[in-house]
Amino acid sequence: MSKQNIYKETLNLPKTKFAMKANLAQREPNMLKQWEESGLYNKLREIAAGRPKFVLHDGPPYANGNIHIGHAVNKILKDIIIKSQTLGGYDAPYIPGWDCHGLPIELNVEKKLGKPGVKVDAKTFRNGCRDYARKQVAGQKEDFKRLGVMGDWDNPYLTMDFKFEANIIRTLGKIIDKGHLHKGSKPVHWCTDCGSALAEAEVEYEDKKSPAIDVRFKVIDQQAVLSIFGVDSSELSINAVIWTTTPWTLPANQAVALHPDFDYVLLSTGSELLILAEDLYENAMARYGVEDFEILGRCKGAELEHQKLQHPFYDRQVPVILGDHVTADSGTGAVHTAPGHGQEDYSVGLKYDLEVDNPVGPNGCFVSGTELFEGQYVFKANPLVLEVLKEKNVLLHHEELLHSYPHCWRHKTPIIFRATPQWFISMDQSGLRGLAIAAAQKTVWLPDWGKARIEGMMENRPDWCISRQRTWGVPIAVFVHNETQELHPDTVKLIETIAQRVSENGIDDWFELEAVELIGDDAENYSKATDTLDVWFDSGVTHACVINEREELQFPADLYLEGSDQHRGWFQSSLLTSVAVNDVAPYKEVLTHGFVVDAQGKKMSKSKGNVIAPQKIMKTLGADILRLWVSSTDYTGEITVSDEILKRTADAYRRIRNTARFMLANMDGFDPSENCVAIKDTLPLDRWIIVKAEYLQQEIIAAYEQYEFHLVYQKVHNFCAMDLGAFYLDVIKDRQYTTQEDSVARRSAQTALYHIIEAMTRWIAPILSFTAEELWTLIPGEHPESVFFETWYAFPEEVQDEMDDVYWQQVLKVRVACSKEMEKLRSDKTIGSSLDAEVDLYCDTSNKTLLAKLENELRFVLITSEVRLHDLTDKPEGAVEFEELPGIALIVRASEQTKCVRCWHHREDVGRNSEHPELCGRCVDNVSGNGEVRHYA
RNA sequence: GUUGUAAUAGCUCAAUGGUAGAGCAGUUGAUUUAUAAUCAAUCGGUUGGAUGUUCGAGUCAUCCUUACAAAACCA
């Protein structure tokens, strides 16, 4: 054994069980098991009982498919908030939930079981849906837990729980009671082969050939229109001209729409006068083959509002109306309007109080009583309509047009728009719109543009159609009068009865119910409504079904947090239903995050192949890396992910992990109850880093409170790399290794490390939960089972120090200057380690006084073998000055002294002690004497 | 086409209208005393583009480009 090894054993080298290699993919699942077995979440509830509450209410993901990276971002952000609020001293329960009804699940179950009412009965089908949803929930739950998300996973909420279903119905009852429900009709995508309405997801667009026709609508008050156009008189008849590709909708025509701001011309063909848009008349004339024509006058569309026109083949007059949806890129600038057959026609029709006429039955045939076309299938009626138009001499032109048209995705046949009876939550009949806007104004929206966004939507949105003609959904459990369509007078009471039954038996209870059972003889006149509720209603009422139902939560929630797409979705459905029932928003604060995109800023899609699966990251890098990545981004905008970014994140993780490891390793043998040094007795350098950490903690807490986790990430990483790695830890190595094990010098530094690791483990716990818990078990001293049982670390009281942060910053500047000079010697191989060098500093008075305070310990701060202070006036030639360091010049040279084999400092006194001929004086003292004393660093 | 949000170094983020900064990565070197670690030095920018306003613009205004999101629409 060499002599060096003998002395090596006298050093206090770092030692720890905390592995350098994280092995997160293997380690994390064990930690999860441990959390689960010990019932961590429930224990935490007991510990936090009585604290002020912080309620982050979980928006339910849809129970279908594997979780993707967007889910992961959402859940991790929520988890970081829950955990940081917990550490901040709040009782922050987390009840995860799932959205379980609705079309996507139906479609998947249809593939297995067939269509309800065709291959299977509805009840069997609904059971199939329930099973399917349950399996989806189970799968997603495992992945969410694997992310390290802490919550009541054993008791989540599911919108298909019987009690939940019952409370959906109850909430609907309250909304009815408050007067917000209304029955109306609305055009929906309708497949005549299915005999049913189609959801947006069931519609696909294909090219279709349609007859494109130009039709005359004769002006009734010819004189009035002539004068609007500034024309004195004319014997010729005046016709507005519309252009359409769906002649079969003409029987339902109720108006002709013009654009208020377009210019329209009145032109004469010699045989008649036509009204056409200025920008379109040339095309139209070409289409009609008219070469000789004359413009007689012009006017704005708005001037023609309310003029009456003759329907082309029915004995009725229809008004001219105005709409911004009229465009000038095709047609005539005058739009045939049939509110029963088109969404825009419907909404503009509402403004003008037009009749929503729907003469078409579920099978696509004109209903009995439809003049001229009774019993005809709509697409077969097109030629008949043309014949009638020719007969009446109102058809100006006809050609075939190939255009994009909606088709049924199942039958591949063209679909139609058909007005059907639907249930609506009215925005205005009981003032819901105003209430919602007022409530939105009282809510804090983060980022703040969310407020304008939601307000804009509230101002403009139409009534909410909450009915769906579907099987897997919560019923609109009301009785409707067969003749009047009015609700049963006892509706509110009946709904409570139904809700009680549903909470026992689920929604099947309603579908199987005989009306007689509930309303007795009234059953003759009343029928059960068969529609189900829009699933947005289900999730929208979680404030009633979850927040108000779960004891650990309280209304209104402190925070909702979802992707920014939910302004249109859940934030809005929650706001409307809550305001309808409670007059206030269900949340005090709404936070949104953006969407995950790839390195080029493109959205992730399977077809592009740029998808990064969270499962894969967890299996390779580990959940803590995924969590650290989430924390590192400014999530208010787009969230970028790529292999490079994840690699950088893993680098940052290793830096944090290794810093913690080194601190633990230097606390070997440290028992805080025995060895902690009182703050007033610690060395100034150690006190300084403790105070530094304490101030940093304040910044970190503030960042957590403002949900700015990327600042936490930056600050923690910076602290590890700069304050600790590049300075403090580097400087104290000498003291840790070479002084006596139980010396104040060493214990003082360990005290600092102890306070820092206690604090830092808490700082990272909300983000690097697995790593924090791993660290937690290795921090010296007594601790509760989990870091999450704690609150932010209480640092020892600060003492006023002459050597404050300003002082050390100046010392640091000197250190940087020395490093630069040493680098020169290193590059020409004069020295290797900085301990091979010695430094002469030529200082002005103030700097000399300042540096002299460290006495002969300055060399330890500069990590060099000797430092000598001189007056600046004695500066010799060759002394170097730095712009950043005025008042100091320095010379660095290789030491000529012998190197101590134990501490590696080059010292004059090496070899003076004959028993330890290779040691310097202080090492002799440390090895066989009373040990060296340090005063400053 | 409409509305909203965004664009700063290879990456992640900073910069009350006042000299564009950090950290990481890269490069080079040191280190058998943090060694699949650590330390040091060093390189890196016409702030997406263009016009304004201003003594002065990354920041304010207008337009354009690109991306993301939303609600639609094609009669």
Side-chain angles (χ1 to χ4, degrees), chain A residues 4 8 11-14 16 20-21 205 212 242-246 249 257 323-327 329-332 334-338 341-345 347 403-406 447 449-450 452-453 456-457 460-461 563-569 592 594-603 629 632-634 636-640 642 644-649 651-652 654-655 657-659 661-663 665-666 708 710-711 713-715 717-722 725-727 729-730 733-734 736-738 816 818-824 826-827 829 831-836 863 902-904:
Chain A
Q4 278 178 358
K8 190 168 178 177
L11 296 170
N12 307 300
L13 293 179
T16 179
M20 181 183 298
K21 192 162 163 33
Y205 288 80
I242 65 93
W243 180 80
T244 181
T245 56
T246 51
T249 61
D324 291 332
H325 65 288
V326 178
T327 62
D329 29 77
S330 62
T332 59
V335 174
H336 145 59
T337 302
H341 292 308
Q343 303 236 9
E344 279 193 331
D345 292 1
S347 54
H403 64 155
S404 169
Y405 192 86
W449 48 259
R453 190 168 191 179
M457 288 172 173
N460 297 318
R461 71 157 296 152
S564 54
D565 57 333
Q566 297 301 330
H567 284 113
R568 182 55 78 169
T592 55
F595 287 76
V596 180
V597 296
D598 69 11
Q600 277 72 47
K602 298 277 175 65
K603 66 177 162 190
W629 163 68
S632 74
T633 65
D634 176 0
T636 57
E638 286 159 25
I639 306 166
T640 317
S642 66
E644 181 185 2
I645 290 167
L646 289 171
K647 187 173 181 302
R648 292 290 93 83
T649 309
D651 287 344
R654 291 210 318 273
R655 172 50 111 155
R657 182 179 180 93
N658 272 315
T659 304
R661 175 171 185 265
F662 186 64
M663 288 196 283
N666 275 294
E708 294 179 322
H710 65 286
L711 298 183
Y713 165 87
Q714 300 264 345
K715 283 172 196 292
H717 188 261
N718 223 277
F719 185 65
C720 287
M722 300 307 294
F727 183 50
L729 295 179
D730 205 21
K733 269 194 264 184
D734 178 86
Q736 291 305 289
Y737 299 170
T738 66
V816 168
C818 290
S819 291
K820 284 184 184 167
E821 273 308 287
M822 287 178 189
E823 197 61 25
K824 289 182 193 160
R826 212 174 267 142
S827 61
K829 302 288 177 196
I831 60 166
S833 153
S834 63
L835 287 174
D836 298 340
I863 315 184
R902 184 168 178 272
C903 73
W904 294 354

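Each chain gets a letter, A, B and so on, in the order its sequence line appears, and its residues count up from 1. Keep in mind it's a predicted model, so treat the numbers as computed, not measured.
With C1' as the reference atom, B/C74 and B/U12 are 43 Å apart, rounded to whole Å. For the C1' atom pair drawn from B/G10 and B/A25, the interatomic distance equals 7 Å after rounding to whole Å. Using P as the reference atom, B/C63 and B/G1 are 14 Å apart when rounded to the nearest Å. Rounded to a whole angstrom, the distance from the P atom of B/A50 to that of B/C55 is 23 Å. Nucleotides B/G58 and B/A6 have their C1' atoms positioned 14 Å apart, rounded to a whole Å. Between the P atoms of B/A72 and B/C64, the separation comes to 26 Å (whole Å). When the C1' atom is used for both B/G4 and B/C24, the distance is 33 Å, rounded to whole Å. Going from the P atom of B/U66 to that of B/A71 covers 23 Å, rounded to whole Å.
Under a 3.5 Å cut-off, the side chain of A/T337 and the backbone N or O of A/V335 do form a donor-acceptor pair. No donor-acceptor pair under 3.5 Å is formed between the side chain of A/D730 and the backbone N or O of A/A726.
With B/C68, B/A40, B/A34 as the choices, the nucleotide that has an atom nearest any side-chain atom of A/K603 turns out to be B/C68. Listed candidates were B/A41, B/C24, B/A69. Nearest to the side chain of A/A721 is B/C24. The A/R453 side chain lies nearest to B/A69 when the options are B/C24, B/G23, B/A69. Comparing B/C24, B/G10, B/A41 against the side chain of A/S819 picks out B/A41 as the nearest. Of all nucleotides listed (B/A25, B/A70, B/A75), B/A75 comes nearest to the side chain of A/T246. When each of B/A25, B/U33, B/A22 is scored by its nearest atom to the side-chain atoms of A/Y737, the top-ranked nucleotide is B/U33. For A/S632, taking side-chain heavy atoms from C-beta onward, the closest of the listed nucleotides B/U12, B/C13, B/A69 is B/U12. Nearest to the side chain of A/R655, among B/U38, B/A25, B/U12, sits B/U38. Closest to the side chain of A/D634, out of B/C11, B/C68, B/A14, is B/A14. When distances are taken from the side chain of A/V335 to each of B/U5, B/A75, B/U12, the shortest belongs to B/A75.
Two residues, A/G725 and A/W449, neighbour RNA chain B, and the one matched to the more 5' nucleotide by heavy-atom proximity is A/W449. Two residues, A/K21 and A/D730, neighbour RNA chain B, and the one matched to the more 5' nucleotide by heavy-atom proximity is A/K21.
Using a 4.0 Å heavy-atom cutoff across all strands shown, A/T244 reaches sugar-phosphate atoms only and no base atom. No contact: A/K715 has no heavy atom under 4.0 Å from any strand.
Remark: A/H710 is in phosphate contact with B/A14, judged by side-chain N or O atoms under 4.0 Å from OP1 or OP2. Taking side-chain N and O atoms only, A/R826 has no distance below 4.0 Å to OP1 or OP2 of B/A40. Look at A/K602 and you won't find any side-chain N or O under 4.0 angstrom from OP1 or OP2 of B/U66. Side-chain N/O atoms of A/T245 include one lying less than 4.0 angstrom from OP1 or OP2 on B/A75. For A/K733, a side-chain nitrogen or oxygen approaches OP1 or OP2 of B/A34 to under 4.0 Å. For A/K647, no side-chain nitrogen or oxygen approaches OP1 or OP2 of B/C11 to under 4.0 Å. Between B/G23 and A/Y713, no contact under 4.0 Å exists linking OP1 or OP2 to a side-chain N or O. Close to B/A41, at under 4.0 Å from its OP1 or OP2, lies no side-chain N or O of A/K824.
Between the P atom of B/A75 and the NE2 atom of A/H336 lies a distance of 11 Å, rounded to the nearest Å. Between the C1' atom of B/U38 and the CZ atom of A/R657 lies a distance of 16 Å, rounded to the nearest Å. Between the C1' atom of B/A72 and the CE atom of A/M457 lies a distance of 12 Å, rounded to the nearest Å. Taking atom CE of residue A/M722 and atom C1' of nucleotide B/G21, one finds them 13 Å apart after rounding to whole Å. The interatomic distance linking A/M20 (CE) with B/A36 (P) rounds to 5 Å, in whole Å. One can place CD1 of A/I863 at 10 Å from P of B/C39, the figure rounded to the nearest angstrom. Counting to the nearest Å, the P atom of B/A14 and the NE2 atom of A/H717 are 16 Å from each other. Whole-Å rounding puts the A/E644 CD to B/C24 P distance at 15 Å.
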**Request:** List the steps, then state whether side-chain contact (heavy atoms from CB on, under 4.5 Å) holds for A/C903 with A/Y737.
**Result:** CA-CA 8 Å; A/C903 73; A/Y737 299 170; over 6 Å; no
**Message:** Walk me through whether A/K824 and A/E821 qualify under salt bridge (Lys or Arg N to Asp or Glu O under 4.0 Å).
**Reply:** CA-CA 5 Å; A/K824 289 182 193 160; A/E821 273 308 287; 2.6 Å; yes
**Request:** Evaluate side-chain contact (heavy atoms from CB on, under 4.5 Å) for A/Q566 paired with A/T592, printing each intermediate quantity in order.
**Result:** CA-CA 8 Å; A/Q566 297 301 330; A/T592 55; over 6 Å; no
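Between A/R826 and A/E823 there is a salt bridge, with a side-chain nitrogen of the basic residue lying less than 4.0 Å from a carboxylate oxygen of the acidic one.
The base of B/U5 is not paired with the side chain of A/E638 by any donor and acceptor separated by under 3.5 Å. Interface remark: the A/W904 side chain does form a donor-acceptor pair with the B/U33 base, using a distance-only criterion of under 3.5 Å.
Taking NE2 from A/H717 and CG from A/D651, the interatomic distance works out to 8.0 Å, rounded to the nearest 0.5 Å. From A/T659, atom OG1 reaches atom CZ of A/R661 across 11.5 Å, with rounding to the nearest 0.5 Å.
Using a 4.5 Å heavy-atom cutoff, the side chains of A/L729 and A/K733 are not in contact.
Pairing for B/A67 goes to B/U5, judged as Watson-Crick or G-U wobble with the two contacts each under 3.5 Å.
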